[in-house]
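Lettering of chains follows the sequences in order, A, B, ..., and the numbering in each one begins at 1.
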Protein chains: 2
Amino acid sequence: MTATIQAPTVSPVAPTFLPLYRQIKALVLRGLEAGEWKPGEAIPSESELAARYRVSQGTVRKAIDELAAENLLVRRQGRGTFVATHGEPRQQFRFLRLAPDHGEPGPYASRTFECRRGRASAEAARMLELKPGDAVVAIRRVLLFGGEPIVLEDITLPGAVFKGLTAERLAEHEGASIYHLYETDFGTRMIRADEKLKAAAADPTAARLLGVAAGTPLLSVERVAFTYGDRPVEWRRGLYRTDRHHYTNALY
Amino acid sequence: MTATIQAPTVSPVAPTFLPLYRQIKALVLRGLEAGEWKPGEAIPSESELAARYRVSQGTVRKAIDELAAENLLVRRQGRGTFVATHGEPRQQFRFLRLAPDHGEPGPYASRTFECRRGRASAEAARMLELKPGDAVVAIRRVLLFGGEPIVLEDITLPGAVFKGLTAERLAEHEGASIYHLYETDFGTRMIRADEKLKAAAADPTAARLLGVAAGTPLLSVERVAFTYGDRPVEWRRGLYRTDRHHYTNALY
DNA sequence: TATCTTAAGTCTTATAAGAGACATAGGACA
DNA sequence: TGTCCTATGTCTCTTATAAGACTTAAGATA
């Protein structure tokens, strides 16, 4: 059939027809983006959405299926469908791929050295799609596992989005995922991220903060994280000690 | 409904009921594993499978959906559903996550230094689920991009599976993915792989083969690749030069 | 007559809708 | 206080129809 919800404008070039379930998906996505339902909350039931959009429940199901596959929604049979959040334990370390070589992961902690406001460098501006000189927030911190400093991170955020972010606010939040903080305090939910990995030698500062000799090979992890609409809202560079940990990746 | 294809044996403890579409999925998977349809070939149409298994076409569809999501099958509207293969260009570098920092990837080549039969070390045996001393094939090669040596790899394979593998056979196959060779010549299709990444300093041998100074930080990538039934059939360790390339990863 | 074009036919997978089964949580009730 | 019932979710399965991709053959054209 290829029905459309709103009368489509005729375009001679691009395929103007989108499957019905994808149109529904786009509408739900818009609701998510607009904050109609907050992280952790339940969205309306499938039949409710079906009634709202005048389609069958099965069509809504297929739309939600895709959003759930993208980790934007979480289904719980018999309960409902919920907006995914970085708060729940299972999502806690979704973006951290570090694992100990042997044994169980030790207790996690973070220590923030610096959290200051500044101006975007050319590189930061490029990564975050800002103009050079725009306001940014710069964070430097160390992640500890089992009491040992394992990761040194420099995080750069657009100042416009993260207005009231201070070292105190970060300290209060220690132990939990920083993405949870972004979510609860700044209404910015991270959807996906791209990482680039390289090997690098520890410079004197990194060596001191991580407790290794200068020149030690470290894993350099550069990440750009995106929110709705593929808007980049975090740029970070991490240096990982890999003497007793490793970065895990599953290939399919 | 929760119908079963064969009368289920009653088990008091585990959920003996599997959704119908998962039973179908298991049956198709068994056919794939048994080589009923070879890589690149089309499997029977949805309605044909539906008739064979006495279920509706939609149920077969859902089973195939999952197998396609796992990259075991490839759907082509109007044509059929095909057994995935490492031969087609798009799948060619599915497991190689290296990308140049700038510009397009240069032409690819590989140079094999060594391909000999030997006995499994304790470590190799553990990785490949063999007994120490079992026959293995050991390959050492360098991957070149744009003429430059970028990756040094040591590959270990179970000798029982890769009986006639020789340096000549490898050389004939140069330019294409080695997984394609496994598939066509040894009937072993790689399904998925686990990787562990670390940073390491180049030892003299690696430094010479990669054309860098000894001690240069390199990305160490250890991979175990699995075929059907999660059976490990390849263990490899790669050393990547990351001065002008990086390992990319997408996080969801 | 030989060749190219085009339209119909017939495969395939993709989309849509609906009915019934299963899971969960909370209130009614003994 | 504990158990059962029921309302309300998602999950499973089926059926029907649409859309995409080849094949074939009729017809136009040289």
Side-chain angles (χ1 to χ4, degrees), chain A residues 1-6 8 11 14-28 37 40-84 88, chain B residues 1-6 8 11 14-28 37 40-84 88:
Chain A
M1 247 302 272
T2 321
T4 38
I5 289 165
Q6 296 169 338
S11 149
T16 166
F17 296 120
L18 207 59
L20 193 49
Y21 78 93
R22 280 200 184 272
Q23 300 180 42
I24 302 302
K25 179 183 174 183
L27 288 173
V28 174
W37 316 290
E41 283 181 15
I43 67 170
S45 75
E46 293 183 351
S47 40
E48 208 168 325
L49 289 171
R52 178 191 304 189
Y53 298 131
R54 311 289 179 80
V55 295
S56 87
Q57 177 255 7
T59 302
V60 171
R61 159 162 288 270
K62 184 142 183 178
I64 292 180
D65 275 347
E66 291 202 353
L67 292 168
E70 293 168 21
N71 292 316
L72 294 179
L73 296 175
V74 177
R75 314 185 85 124
R76 303 219 190 100
Q77 185 170 357
R79 306 226 15 228
T81 300
F82 300 79
V83 182
E88 39 193 316
Chain B
M1 250 302 271
T2 323
T4 38
I5 289 165
Q6 297 169 336
S11 147
T16 168
F17 295 120
L18 208 59
L20 192 48
Y21 76 93
R22 280 201 185 271
Q23 300 179 44
I24 303 301
K25 180 182 173 186
L27 288 173
V28 175
W37 315 290
E41 285 181 14
I43 67 170
S45 76
E46 293 184 351
S47 40
E48 206 168 327
L49 288 172
R52 176 189 305 191
Y53 298 130
R54 313 288 180 77
V55 296
S56 86
Q57 179 253 9
T59 301
V60 171
R61 158 160 287 271
K62 184 141 184 179
I64 293 179
D65 275 346
E66 291 202 352
L67 291 168
E70 293 167 20
N71 291 315
L72 294 180
L73 297 174
V74 176
R75 293 174 163 289
R76 301 220 194 99
Q77 186 170 0
R79 307 239 2 243
T81 300
F82 300 79
V83 182
E88 39 193 317

Hey, what do you get for OG1 (B:Thr81) to CG (B:Leu73), rounding to the nearest 0.5 Å?
-> 6.5 Å
Straight-line distance of B:Ile64 CD1 to B:Leu49 CG, nearest 0.5 Å = 5.5 Å
Partners passing salt bridge (Lys or Arg N to Asp or Glu O under 4.0 Å) against A:Lys25 (at least two apart in sequence or in another chain) = A:Glu66, A:Glu70
Report the distance from atom CD of B:Glu46 to atom C1' of D:dC13, rounded to the nearest whole Å.
-> 14 Å
Send over the distance from A:Leu49 CG to C:dA17 P, rounded to a whole Å.
-> 14 Å
Kindly write out the residues that satisfy side chain to side chain contact (heavy atoms under 4.5 Å, CB included) with B:Glu41, not counting sequence neighbours, or none if the list is empty.
-> B:Trp37, B:Lys38
Name all residues meeting the side-chain hydrogen bond (donor to acceptor under 3.5 Å, both in side chains) criterion together with B:Asp65; count only those two or more places apart in sequence or in a different chain, and write none if there are none.
-> B:Arg75
Quick note, A:Val55 side chain, CB onward, closest among D:dC11, C:dA16, C:dA17 is C:dA17
In whole angstrom, what separates A:Gln57's CD from D:dT12's P?
-> 12 Å
What residues in residues 63-82 of chain B put a non-hydrogen atom under 4.0 Å from any atom of DNA chain C?
-> B:Arg75, B:Arg76, B:Gln77, B:Gly78, B:Arg79, B:Gly80, B:Thr81
Nearest-0.5 Å distance that lies between atom OH in B:Tyr53 and atom CG in B:Leu27 = 5.0 Å
Return no unless some side-chain N or O of A:Ser45 is found under 4.0 Å from OP1 or OP2 of D:dT8.
-> no
For A:Arg79, what residues pass the side chain to side chain contact (heavy atoms under 4.5 Å, CB included) criterion, not counting sequence neighbours?
-> A:Arg76, A:Phe82
Please list, for nucleotides 5-9 of chain C, all pairs of protein and nucleotide N/O atoms separated by less than 3.5 Å.
none

Mind listing the closest non-hydrogen atom pair of B:Gln57 and B:Ser47 along with its distance?
-> CG-N, 4.2 Å
Could you give the OH-to-P distance, from A:Tyr53 to C:dT15, as a whole number of Å?
-> 19 Å
note: A:Gln23, atom CD; C:dT15, atom C1'; distance rounded to Å ~ 12 Å
Atom CZ of B:Arg61 and atom P of D:dA18: how far apart are they, to the nearest Å?
-> 16 Å
Selected nucleotide, minimal atom distance to B:Ser47 side chain, candidates D:dC13, C:dT12, C:dG18 | C:dT12
With sugar-phosphate meaning primed atoms plus P, OP1 and OP2, does B:Thr59 contact a base, only sugar-phosphate, or nothing at under 4.0 Å between heavy atoms?
-> base
Round to a whole Å and report the spacing from CD of A:Glu48 to C1' of D:dT10.
-> 14 Å
Send over the distance from A:Ile24 CD1 to C:dA17 C1', rounded to a whole Å.
-> 13 Å
CZ/A:Arg61 to CD1/A:Ile24 distance, rounded to the nearest 0.5 angstrom?
-> 15.0 Å
Counting just side-chain N and O atoms, does A:Lys62 come under 4.0 Å of either OP1 or OP2 of C:dT15?
-> yes
Measure from the side-chain heavy atoms of A:Ser56 and tell me the nearest of D:dT10, D:dT14, C:dA16.
-> C:dA16
